[in-house]
Participant: 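One structure coming up, written as C-alpha coordinates, with questions to follow.
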Amino acid sequence: MEPTEKETDHIREKLLAQKSELSTRVDRIHEHARDPLDSDSAEQAAQLGNVAVVAALESEAVVEIAEIDAALQRISAGTYGNCVSCGEFINKKRLEARPASTECLTCAESKNPG
Ligand SMILES: [Zn+2]
(Lines give C-alpha, C1' and ligand atoms only; values in the text may rest on other atoms or scores of the structure.)
Protein backbone atom coordinates (compact mmCIF):
# COMPACT_ATOMS: atom_id res chain seq x y z
CA MET A 1 0.00 0.00 0.00
CA GLU A 2 1.22 3.44 -0.95
CA PRO A 3 1.65 5.79 2.03
CA THR A 4 -0.96 8.55 2.14
CA GLU A 5 0.02 12.23 2.03
CA LYS A 6 -0.64 12.51 5.75
CA GLU A 7 1.59 9.55 6.49
CA THR A 8 4.33 10.94 4.26
CA ASP A 9 4.12 14.29 6.10
CA HIS A 10 4.45 12.48 9.40
CA ILE A 11 7.45 10.52 8.11
CA ARG A 12 9.08 13.71 6.78
CA GLU A 13 8.76 15.33 10.23
CA LYS A 14 10.26 12.25 11.83
CA LEU A 15 13.16 12.23 9.37
CA LEU A 16 13.88 15.93 9.93
CA ALA A 17 13.83 15.43 13.71
CA GLN A 18 16.20 12.47 13.42
CA LYS A 19 18.49 14.45 11.13
CA SER A 20 18.77 17.40 13.53
CA GLU A 21 19.47 14.99 16.39
CA LEU A 22 22.24 13.33 14.36
CA SER A 23 23.70 16.70 13.30
CA THR A 24 23.87 17.75 16.96
CA ARG A 25 25.65 14.49 17.74
CA VAL A 26 28.21 15.05 14.95
CA ASP A 27 28.79 18.63 16.17
CA ARG A 28 29.47 17.36 19.70
CA ILE A 29 31.86 14.73 18.34
CA HIS A 30 33.75 17.46 16.49
CA GLU A 31 34.02 19.51 19.68
CA HIS A 32 35.51 16.49 21.47
CA ALA A 33 37.92 15.86 18.60
CA ARG A 34 39.29 19.38 18.97
CA ASP A 35 40.21 18.82 22.63
CA PRO A 36 43.99 18.56 22.95
CA LEU A 37 45.27 15.20 24.14
CA ASP A 38 46.64 14.95 27.64
CA SER A 39 50.43 14.66 27.88
CA ASP A 40 50.31 11.67 30.23
CA SER A 41 50.87 8.58 28.06
CA ALA A 42 48.30 6.33 29.78
CA GLU A 43 45.73 9.07 29.53
CA GLN A 44 46.72 9.60 25.94
CA ALA A 45 46.27 5.93 25.09
CA ALA A 46 42.84 5.95 26.69
CA GLN A 47 41.92 9.06 24.79
CA LEU A 48 43.19 7.65 21.51
CA GLY A 49 40.94 4.66 22.17
CA ASN A 50 38.11 7.09 22.58
CA VAL A 51 39.05 8.79 19.34
CA ALA A 52 38.58 5.51 17.48
CA VAL A 53 35.21 4.91 19.15
CA VAL A 54 34.19 8.49 18.48
CA ALA A 55 35.26 8.25 14.83
CA ALA A 56 33.13 5.11 14.44
CA LEU A 57 30.16 6.88 16.02
CA GLU A 58 30.67 9.83 13.74
CA SER A 59 30.82 7.84 10.53
CA GLU A 60 27.70 5.96 11.65
CA ALA A 61 25.87 9.26 12.18
CA VAL A 62 27.12 10.62 8.84
CA VAL A 63 25.84 7.51 7.01
CA GLU A 64 22.46 7.85 8.76
CA ILE A 65 22.24 11.52 7.79
CA ALA A 66 22.93 10.58 4.16
CA GLU A 67 20.19 7.90 4.31
CA ILE A 68 17.77 10.45 5.77
CA ASP A 69 18.62 12.99 3.04
CA ALA A 70 18.03 10.31 0.42
CA ALA A 71 14.66 9.47 2.00
CA LEU A 72 13.68 13.16 2.05
CA GLN A 73 14.61 13.39 -1.64
CA ARG A 74 12.46 10.35 -2.40
CA ILE A 75 9.57 12.02 -0.57
CA SER A 76 10.01 15.13 -2.77
CA ALA A 77 10.25 12.99 -5.88
CA GLY A 78 7.16 11.01 -4.91
CA THR A 79 9.00 7.70 -4.89
CA TYR A 80 9.18 7.33 -1.13
CA GLY A 81 8.13 3.94 0.19
CA ASN A 82 9.17 2.02 -2.91
CA CYS A 83 11.83 -0.63 -2.50
CA VAL A 84 14.89 0.44 -4.52
CA SER A 85 15.61 -3.18 -5.45
CA CYS A 86 12.26 -4.69 -6.45
CA GLY A 87 9.99 -1.61 -6.64
CA GLU A 88 7.37 -3.05 -4.27
CA PHE A 89 5.97 -0.85 -1.52
CA ILE A 90 7.89 -1.19 1.73
CA ASN A 91 5.81 -2.40 4.69
CA LYS A 92 4.50 0.59 6.68
CA LYS A 93 5.56 -0.94 9.97
CA ARG A 94 9.09 -1.18 8.65
CA LEU A 95 9.01 2.45 7.50
CA GLU A 96 7.63 3.48 10.88
CA ALA A 97 10.49 1.70 12.66
CA ARG A 98 13.14 2.85 10.22
CA PRO A 99 11.85 5.70 8.04
CA ALA A 100 15.05 5.87 5.97
CA SER A 101 14.65 2.26 4.75
CA THR A 102 15.39 1.92 1.05
CA GLU A 103 14.41 -1.72 0.66
CA CYS A 104 11.54 -3.97 1.57
CA LEU A 105 12.15 -6.59 4.23
CA THR A 106 12.45 -9.38 1.65
CA CYS A 107 15.24 -7.61 -0.28
CA ALA A 108 17.02 -6.44 2.88
CA GLU A 109 16.99 -9.95 4.32
CA SER A 110 18.16 -11.54 1.10
CA LYS A 111 21.27 -9.35 1.30
CA ASN A 112 21.90 -9.92 5.00
CA PRO A 113 20.93 -13.49 5.78
CA GLY A 114 20.64 -14.09 9.49
ZN1 LIG B 1 12.26 -5.29 -2.36
Side-chain angles (χ1 to χ4, degrees):
M1 260 272 286
E2 191 174 358
T4 65
E5 205 173 309
K6 203 181 158 198
E7 280 167 340
T8 312
D9 279 349
H10 170 68
I11 287 165
R12 187 196 280 125
E13 276 172 29
K14 246 179 118 163
L15 286 166
L16 289 171
Q18 271 187 15
K19 192 183 163 181
S20 72
E21 203 185 298
L22 287 165
S23 303
T24 309
R25 198 192 296 173
V26 171
D27 285 347
R28 283 211 199 103
I29 290 168
H30 284 169
E31 275 169 33
H32 277 288
R34 275 199 301 273
D35 287 342
L37 291 173
D38 198 280
S39 54
D40 179 84
S41 61
E43 273 283 305
Q44 201 169 4
Q47 287 193 10
L48 284 170
N50 276 340
V51 168
V53 171
V54 160
L57 283 175
E58 186 191 356
S59 56
E60 210 172 275
V62 168
V63 167
E64 275 183 58
I65 289 172
E67 282 178 358
I68 289 169
D69 276 337
L72 289 167
Q73 275 175 18
R74 290 198 302 277
I75 289 174
S76 305
T79 58
Y80 181 78
N82 286 96
C83 171
V84 295
S85 297
C86 71
E88 292 291 319
F89 284 114
I90 300 169
N91 186 294
K92 278 181 192 174
K93 277 188 185 149
R94 178 168 163 78
L95 288 175
E96 187 67 30
R98 203 170 180 285
S101 298
T102 54
E103 289 181 319
C104 68
L105 197 58
T106 313
C107 291
E109 278 183 347
S110 72
K111 281 185 185 167
N112 302 299

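Just so you know, ligand 1 is whichever comes first in the structure, and atom 1 is the first atom listed for that ligand. Position 1 is the first residue of the sequence, and the numbers go up from there. Quick caveat: nothing in here was measured; it's all calculated off a predicted structure.
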Participant: Atom OG in S20, atom CG in L15: separation rounded to 0.5 Å?
Facilitator: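 Reported value, rounded in 0.5 Å steps: 11.0 Å.
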Participant: Just distance, no hydrogens or angles: give the donor-acceptor pairs under 3.5 Å from side chains in residues 53-68, sequence neighbours left out.
Facilitator:
from : atom 1 : to  : atom 2 : distance (Å)
E58  : OE2    : H30 : NE2    : 2.7
S59  : OG     : A55 : O      : 3.3
S59  : OG     : A56 : O      : 3.1
E67  : OE1    : R98 : NH2    : 3.0

Participant: Is there a donor-acceptor contact under 3.5 Å from the side chain of K92 to the main chain of G81?
Facilitator: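 Not confirmed, K92 side chain does not pair with G81 backbone.
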Participant: What protein N/O/S atoms are there under 2.8 Å from the Zn ion (ligand 1), waters excluded?
Facilitator: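 Per the 2.8 Å query on the Zn ion (ligand 1), atoms found are C83 SG, C86 SG, C104 SG, C107 SG.
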Participant: Mind checking what makes salt bridge (charged side-chain N to carboxylate O under 4.0 Å, His left out) contact with R12, not counting sequence neighbours?
Facilitator: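 With neighbours one apart ignored, the set is D9.
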Participant: Measure the NZ-NE2 distance between K6 and H10 for me, rounded to the nearest 0.5 Å.
Facilitator: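 Separation between the atoms: 9.5 Å.
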Participant: Give every donor-acceptor pair under 3.5 Å between a side-chain atom in residues 83-90 and any protein atom, sequence neighbours left out.
Facilitator:
from : atom 1 : to   : atom 2 : distance (Å)
S85  : OG     : E103 : OE2    : 2.4

